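Here's the structure we're looking at; comments come further down.
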Amino acid sequence: MEMVDDDGLTRTGTVWTATTHAITAVIGSGVLALPWSVAQMGWVFGPLALVACAYVTYYTAILLCDCYRTPDPVKGRRNHTYMDVVRSCLGPRDVFICAIAQYVMLWGTMIGYTIVASTSMMSVERSNCVHKHGHGADCRASGNLYMIIFGVAEIVLSQCPSLEKVTFISVVAAVMSVAYSLIGLGLCAGKFASHRAARGTVSGVKVGGVGGVSATTKTWHSFQALGNIAFAYTYSMLLVEIQDTLKSSPPENQTMKRASLYGIGVTAIFYISLGCVGYAAFGNDAPGNVLTGFYEPFWLVDIANVAVLVHLVGAYQVYGQPIYAKYEEWLAKKWPHAGFIHKLYTVPLPFSKSHSFKFTLCKLLLRTVFVALTTLIAMMLPFFNAIMGLLGSVAFWPLTVYFPVTIYISQANVKRGERRWLALQGLSAVALLVSLLAAVGSVADIAQRLKHVALFKSEL
Ligand SMILES: *[C@@H]1O[C@H](CO)[C@@H](O)[C@H](O)[C@H]1NC(C)=O
C-alpha cells in the first residue's frame with residue numbers, strides 16, 4: 001500500500017536510497033584532484049585535511065537535516081530545496097548571497113567540466129600514442145580543439161529541455177563516476193605496488209633545490225589543495241533535495257542523519273584511500289588530474305578517461321539547465337510580449353512523427369552564446385586545480401558552513417553568546433578563513449601561470 005504524504009505527493013525513499021543518492025551525488029570529478037592535493041600538503045596535513053573536511057561536512061549536514069521541516073523538525077512544514085530553506089529561515093540579504101553562491105558554483109562547475117573533459121580526451125590521445133610509438137615519442141596533445149568539440153556537443157544538448165531530470169542519464173552518470181573513481185584507485189594501487197616503497201614526504205612538495213618549487217608557489221598550491229578537497233566534498237547543496245524524497249516515517253530528519261553518516265563516511269573512506277594511495281604511488285610529482293599520470297595498461301586508462309567524458313557530457317547539463325531556466329524566467333517576466341522570447345517555432349523531426357523540435361529564438365541564441373562563453377573561459381584558463389580550488393572556496397564557507405550554521409541558529413533558537421553559539425560561530429570563522437585562503441591561493445596561482453604561459457595554451 002502506498003502512503004500519500006501531507007502534501008499530496010508519494011515518497012518512498014529510505015535510508016538506503018538516500019545514502020546511494022548522497023554517495024553518487026558527492027563523488028564526481030573532484031576525486032581526480034585528491035592525490036595532487038595530498039601531495040601539496042604532505043603526509044601530515046594532507047590526510048588531516050581530508051578527515052577534517054569530511055567531519056565539517058558531516059557536522060553541518062546534521063544541522064541542516066533538522067531544517068527540512070520548520071519550525072518543528074518533525075511536524076513542521078516542508079521545504080523542497082536548499083534555497084527554500086534559506087528563504088524561509090533567513091532574510092532577503094542571505095537569500096541573495098545564497099543565490100549568487102549557487103549560480104557561481106553552477107557556472108564555475110561548467111567551466112571546470114569543460115577543462116576536465118578536454119584533459120580526458122587529450123589523455124586518451126596521448127596514452128594511445130605512447131602505446132603505439134613508445135615513451136620517447138613526441139606525444140603532446142593540445143586541448144583547445146577538444147574543448148571546442150565538447151562545447152559544440154553541449155550547445156546541441158542545451159536545446160533539449162529538462163535533460164537533467166531524465167533518470168537514465170543520472171544512472172549512467174552515477175555508474176560512470178563510480179567506474180572512473182575505482183579505476184583511478186586501482187591504477188594508483190597498481191603503481192604503488194610496482195615500486196613497493198611509499199613515496200612522498202612529511203611536508204609534501206619540496207621548497208627549493210632539485211625538483212622543488214619556490215616558497216610562494218608552495219604556499220599557493222597548499223591553499224589551493226584545501227579548496228580542491230573542499231570541492232570534492234560538496235554535499236549540503238543537495239541534501240535538502242535528497243531529504244525531500246524520503247517517506248515520512250520514521251521522521252525524515254532521523255533517516256537523513258543516518259544517510260548522511262553513511263554517505264559521507266563511505267565518501268571519506270574512499271577519498272582518504274585515493275588521496276593517500278595516489279600520493280604513495282606518485283609522491284610529490286602527483287599530477288593535477290590523477291588519470292593523466294598513467295600510460296599503461298592503456299586500455300584501462302582509456303576506459304577511465306572515456307567514463308569521465310561520458311559523465312561530464314551529461315552532468316554539464318545538470319549544472320547548465322537551472323541557469324538557463326533562471327535567466328529565461330527573468331527575461332520572460334521583463335518582456336512579457338517580446339516575440340524573440342515567447343514565439344515558439346516548431347520543426348518536425350525527420351524520423352519521428354510524434355516528436356518535434358520546439359524552440360524560441362531566445363533559447364536558441366542565448367544558450368548557444370552562454371555555452372560558447374563558458375568554453376572560451378575554459379580555453380583561456382585551462383588550470384584544473386586552480387579552478388577547482390576557486391569552486392571549493394565558494395562551496396565551503398558559504399554553502400557548506402555559513403548557511404547551515406546560521407539557519408540552525410535561527411531555527412533552534414540558539415542564543416547569542418551561549419556556548420553552542422560561540423562554537424558554531426567559531427566553526428564558521430575557521431571555515432571562512434579556509435575559503436579565503438583557497439580563493440587567494442587559486443587566484444594568485446592563475447595570475448602566476450598567466451605570466452609564464454600564453455593565453456589559450458592548454459597542453460598535456
Ligand atoms: C518553507 O517553510 C516555511 C516555514 O514552514 C513555509 O512558510 C514555506 O511556505 C515553505 N516553502 C516552500 C516553498 O514550501
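Just so you know, ligand 1 is whichever comes first in the structure, and atom 1 is the first atom listed for that ligand. Only heavy atoms go into these numbers, but all of them, side chains included; no hydrogens, no water, no symmetry mates. Note that this is a predicted model, so its numbers are computed, not measured.
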- Centroid-to-centroid, Tyr233 to Tyr235, below 6.0 Å? no
Thr406 meets the side chain to side chain contact (heavy atoms under 4.5 Å, CB included) criterion, sequence neighbours left out, with Leu90, Tyr402
Give one line per pair: atom of ligand 1, protein atom, distance. Only N/O to N/O under 3.5 Å.
residue	atom	partner	partner atom	Å
ligand 1	2 (O)	Asn79	OD1	2.9
ligand 1	2 (O)	Asn79	ND2	2.9
ligand 1	5 (O)	Thr70	O	3.0
ligand 1	5 (O)	Thr70	OG1	3.2
ligand 1	9 (O)	Arg77	NH2	3.3
ligand 1	11 (N)	Asn79	ND2	2.5
ligand 1	14 (O)	Arg78	O	3.4
ligand 1	14 (O)	Asn79	ND2	3.3

Sorted by chain and number, sequence neighbours left out, side chain to side chain contact (heavy atoms under 4.5 Å, CB included) with Ala179 holds for none
Please list every donor-acceptor pair under 3.5 Å in which a side-chain atom of residues 369-391 meets a protein atom from a residue at least two apart or in another chain.
residue	atom	partner	partner atom	Å
Thr374	OG1	Trp107	NE1	2.9
Thr374	OG1	Phe370	O	2.8
Thr375	OG1	Val371	O	2.8
Asn385	ND2	Asn228	OD1	3.3
Asn385	ND2	Gly288	O	3.3

(message) Cation-pi check for Phe340 against Lys343: NZ or CZ below 6.0 Å from the six-membered ring centre and within 45 degrees of the axis, yes or no?
(response) no
Point to revise | Ring centres under 6.0 angstrom apart (Trp335, His342) | key: no
